[in-house]
Amino acid sequence: MTMTDLAEHLCRQQEEKVRWKHVWEFLEEYRWEPADKKPELFRDEPSRCGNDQWDALLAALAEHLAAQLDLAPPEWSRSRILDTPWFPSSLRSKRMEALVWAPAAFRKHGVYLAARDLEAA
């Protein structure tokens, strides 16, 4: 699954739990890709979902994955930054964890999700 495919799934789905399942599925498939194929999965700009939070999440994820490969973030990701921080979890403890442990790319885009949550996917 490419990030473009992921965006299409997110745009079609309104239920938050299902959206997160698509994100985790993307990450699981990404882990199994050969290293030389990984950049292709987030290089192309995904369509916007009409929800700034999810659009910023895609940008943060692309930038985070690029950094893990020691690559520059895709150009399309640079403009998707939230004005107001988004904490996907409503649990106070998860919000505090995200404040401390959100990867730099996610903080930059205003999405506060702990790194451990990405690895647990």
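Along the sequence shown, the residues carry numbers beginning at 1. All values below come from the heavy atoms of this structure, side chains included, with hydrogens, waters and symmetry mates left out.
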| field | From CA spacing to verdict: side chain to side chain contact (heavy atoms under 4.5 Å, CB included), Tyr112, Arg107 | value | CA-CA 6 Å; Tyr112 284 82; Arg107 289 192 310 264; 3.7 Å; yes
| remark: d(Glu63 CD, Leu71 CG) to nearest 0.5 Å is 12.0 Å
| query | Can you check whether Glu15's main-chain N or O pairs, donor with acceptor, with Gln13's side chain at less than 3.5 Å? | reply | yes
| field | Gap between atom CZ of Arg12 and atom CD of Glu8 - 0.5 Å precision | value | 6.0 Å
| Is there a donor-acceptor pair under 3.5 Å between the side chain of Glu29 and the backbone N or O of Met1? | yes
| Is Glu45 close to Pro74 at the side-chain level, that is, under 4.5 Å between some pair of heavy atoms? | no
| query | Any idea which heavy atoms bring Cys11 and Cys49 closest together, and the distance? | reply | SG-SG, 2.9 Å
| field | Hydrophobic cluster identity match, Leu69 and Leu65, side-chain contacts under 4.5 Å | value | yes
| Residue pair Glu33 / Leu41, side-chain heavy-atom distance below 4.5 Å | yes
| said: Are the side chains of Pro46 and Trp76 in contact, using a 4.5 Å heavy-atom criterion? | reply: yes
| request: Mark yes or no for whether Trp24, through its side chain, and Arg19, through its backbone, hold a donor-acceptor pair below 3.5 Å. | output: no
| query | How long is the gap from CG on Asp52 to CD1 on Ile81, to the nearest 0.5 Å? | reply | 12.0 Å
| message | Looking at Asp83, I want to see if its CG is surrounded by more than 12 non-hydrogen atoms of other residues, nucleotides or ligands under 6.0 Å. | response | no
| message | Quick check: do Val23 and His9 have side-chain heavy atoms less than 4.5 Å from each other? | response | no
| message | Could you measure the distance from the OG1 atom of Thr4 to the CZ atom of Arg43? Nearest 0.5 Å is fine. | response | 9.5 Å
| message | Is the shortest side-chain heavy-atom distance between Trp54 and Arg80 below 4.5 Å? | response | no
| said: For Arg48, is there any backbone N or O sitting under 3.5 Å from a side-chain donor or acceptor partner on Asp55? | reply: no
| Any side-chain heavy-atom pair of Phe42 and Leu58 under 4.5 Å | no
| task | Considering non-hydrogen atoms only, spot the tightest contact between Ala35 and Pro39 and give its length. | result | O-CD, 3.5 Å
| query | Do you know which of Leu10, Asp5, Leu61 makes side chain to side chain contact (heavy atoms under 4.5 Å, CB included) with Phe26? | reply | Leu61
| query | Do Asp117 and Lys94 have side chains that get closer than 4.5 Å, going by heavy atoms? | reply | yes
| said: Let me confirm one number: the CZ-CD distance from Phe87 to Glu97, rounded to the nearest 0.5 Å. | reply: 12.0 Å
| said: Just verifying a value: how many Å separate Leu113 CG and Leu118 CG, rounded to the nearest 0.5 Å? | reply: 4.5 Å
| message | Do Trp86 and Leu57 have side chains that approach each other closer than 4.5 Å (heavy atoms only, starting at C-beta)? | response | yes
| Geometric cation-pi criterion, Lys38 with Tyr30: 6.0 Å, 45° | yes
| task | Please step through salt bridge (Lys or Arg N to Asp or Glu O under 4.0 Å) for the pair Arg31 and Glu28, ending with a clear verdict. | result | CA-CA 5 Å; Arg31 284 187 186 100; Glu28 183 61 26; 3.3 Å; yes
